[in-house]
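Okay, so here's the structure we're looking at.
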Amino acid sequence: MDRSLLLREGFTDGDDAIEALVSGDNLRPHTEELSLHVISADLPPGSVMEVAPGVYSVCPALAAIQYAQSHDLYQTIALLMELRGSFSLPEDHAPVAATATPIRPDEDEPSLSYYEGDPVLTGYDMEALLKSVHGINGMGIAARANAIALDGARSPMEAIMAAVFHAPRGAGGFGLSKMLLNHTIEFNEEATKVSGMRKAVCDAYIFPALSTLEYNGSFHDATTRRQHDEKRDMGLSAMGIKTFPLNDQQLRNIEAMEVIAKMVHRRAGGRYNNRTKGYRVKQIALLNGLRCALGLRPC
């Protein structure tokens, strides 16, 4: 086993045991250098990938199922939002304990470090693997998480916003199921004239409601960015699309988010009646579970 090669490829930090996959207990070699995981079920083609000459790894979808074996629903949703999105958390990222001191309502949200990158997984890929394998621990949580997660999030805060509004009410969300992240709206002539733009990218577009949820972090306070947002929103308005901007404070206020969810449901021709038992407790658990998983204190 070439530990230097595995170190270069990111499979070890040099000191920890190598995580390895085997198909049966009888294949477990006796060594402290390996931490072995047994999957005796037949795996479909593509479940194991060659990532470097002679180095193999499970595919992202199977890795997510394995992750769900030892992590809760909220942490698994956060991982899938990252794998299915275009942001990547740093290697030294650590979740925040649920028992951490809650952030105050008037306290500024700390900025989260992340890198831009390409998605390595889609919801369709994850669903396909879940349907083709059987008897692997973690599949239940992974399936629930995949149904809540979405493709295309560009930042951790966008991921939190999208997951909370998209999740079904029984899971603590607001049930806006028909949502597309970072969806491009091509402007018509009127919208282009009023905005000076040919298109707009919507953070979270709910197409039955002709509505978009927009996360406005602190960088949106800059004059040039604010002017851009105003022109963009005017163009979307000309297309009949309503913009609902949310700042950091609103994204940690369940009651404020619920009011927005009600307005979006009404625009879609429906009504928001949450009859889920203990719904507020579930809403807070979902929001704080995602916040802690992505490195933010609970609220």
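Quick note: numbers below take in every heavy atom, side chains included, and nothing from hydrogens, waters or symmetry partners. As the structure is a computational prediction, the values presented were derived from the model and not from experiment. Positions are given from 1, in the same order as the sequence printed here.
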Which atom pair, heavy atoms only, marks the closest approach of [X] to [Y]?
{"X": "Glu82", "Y": "Leu89", "result": "OE2-N, 2.9 Å"}
{"X": "Ala64", "Y": "Met126", "result": "CB-CE, 3.8 Å"}
{"X": "Ile136", "Y": "Ile65", "result": "CG2-CG2, 3.8 Å"}
{"X": "Gly175", "Y": "His265", "result": "O-CE1, 3.6 Å"}
{"X": "Ala204", "Y": "Glu214", "result": "N-OE2, 4.3 Å"}
{"X": "Asn288", "Y": "Pro298", "result": "OD1-CA, 3.3 Å"}

By side chain to side chain contact (heavy atoms under 4.5 Å, CB included), which residues pair with Glu107, not counting sequence neighbours?
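Checked Glu107 against side chain to side chain contact (heavy atoms under 4.5 Å, CB included); matches are Ile103, Arg104, Arg252, Arg297.
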Give the cluster check for [X] versus [Y]: same hydrophobic cluster or not, with ILVMFWY residues linked at side-chain heavy-atom distances below 4.5 Å.
{"X": "Val51", "Y": "Leu5", "value": "yes"}
{"X": "Ile241", "Y": "Met263", "value": "no"}
{"X": "Val259", "Y": "Tyr215", "value": "yes"}
{"X": "Leu150", "Y": "Phe207", "value": "no"}
{"X": "Ile260", "Y": "Val164", "value": "yes"}

Short side-chain to backbone donor-acceptor contact, [X] and [Y], under 3.5 Å:
{"X": "Thr192", "Y": "Met197", "result": "yes"}
{"X": "Gln69", "Y": "Gly138", "result": "no"}
{"X": "His166", "Y": "Ser177", "result": "yes"}
{"X": "Ser211", "Y": "Ala209", "result": "yes"}
{"X": "Ser155", "Y": "Glu158", "result": "yes"}
{"X": "Ser237", "Y": "Asp233", "result": "no"}
{"X": "Arg84", "Y": "Asn146", "result": "yes"}
{"X": "Ser132", "Y": "Ala128", "result": "yes"}
{"X": "Asp151", "Y": "Gly123", "result": "yes"}

Using side-chain heavy atoms (C-beta onward) and a distance below 4.5 Å, is [X] in contact with [Y]?
{"X": "Leu62", "Y": "Leu43", "value": "yes"}
{"X": "Arg280", "Y": "Asn274", "value": "no"}
{"X": "Ser88", "Y": "Tyr114", "value": "no"}
{"X": "Asn253", "Y": "Pro105", "value": "no"}
{"X": "Ser57", "Y": "Met49", "value": "no"}
{"X": "Glu50", "Y": "Tyr56", "value": "yes"}
{"X": "His183", "Y": "Val201", "value": "no"}
{"X": "Leu290", "Y": "Gln75", "value": "no"}

Could you check whether the rings of Phe174 and Tyr272 sit parallel, tilted or perpendicular, using 30° and 60° as the cut-offs?
tilted
Fit a plane to each ring of Tyr67 and His71, take the angle between them on a 0 to 90° scale, and name the class: parallel (under 30°), tilted (30 to 60°) or perpendicular (over 60°).
parallel
To the nearest 0.5 Å, tell me how far [X] [atom1] sits from [Y] [atom2].
{"X": "Ile148", "Y": "Ile77", "atom1": "CD1", "atom2": "CD1", "answer": "4.0 Å"}
{"X": "Glu258", "Y": "Phe165", "atom1": "CD", "atom2": "CZ", "answer": "9.5 Å"}
{"X": "Leu213", "Y": "Cys202", "atom1": "CG", "atom2": "SG", "answer": "9.5 Å"}
{"X": "Leu112", "Y": "Arg291", "atom1": "CG", "atom2": "CZ", "answer": "8.5 Å"}
{"X": "Leu296", "Y": "Ile160", "atom1": "CG", "atom2": "CD1", "answer": "5.0 Å"}
{"X": "Ile284", "Y": "Cys299", "atom1": "CD1", "atom2": "SG", "answer": "8.0 Å"}

Pair Lys131-Leu129, side-chain contact (heavy atoms from CB on, under 4.5 Å): steps then yes or no
CA-CA 5 Å; Lys131 288 180 177 178; Leu129 183 66; over 6 Å; no
Just checking [X]: does its [atom1] atom have more than 12 heavy atoms from other residues, nucleotides or ligands closer to it than 6.0 angstrom?
{"X": "Arg144", "atom1": "CZ", "value": "no"}
{"X": "Asp108", "atom1": "CG", "value": "no"}
{"X": "Asn188", "atom1": "CG", "value": "yes"}
{"X": "Glu189", "atom1": "CD", "value": "no"}

So Met239 and Phe187, side-chain contact (heavy atoms from CB on, under 4.5 Å) or not? Walk me through it.
CA-CA 7 Å; Met239 298 287 293; Phe187 283 172; 3.9 Å; yes
Would Lys242 pass as a cation-pi partner of Phe244, given that its NZ or CZ must be under 6.0 Å from the six-membered ring centre and within 45 degrees of the axis?
yes
Which residue is it: Leu210, Asn182, Thr184, Leu236? I am looking for the one with a side-chain contact (heavy atoms from CB on, under 4.5 Å) to Tyr205.
Leu210
Any carboxylate oxygen within less than 4.0 angstrom of a Lys/Arg side-chain nitrogen, looking at Asp203 and Arg154?
yes
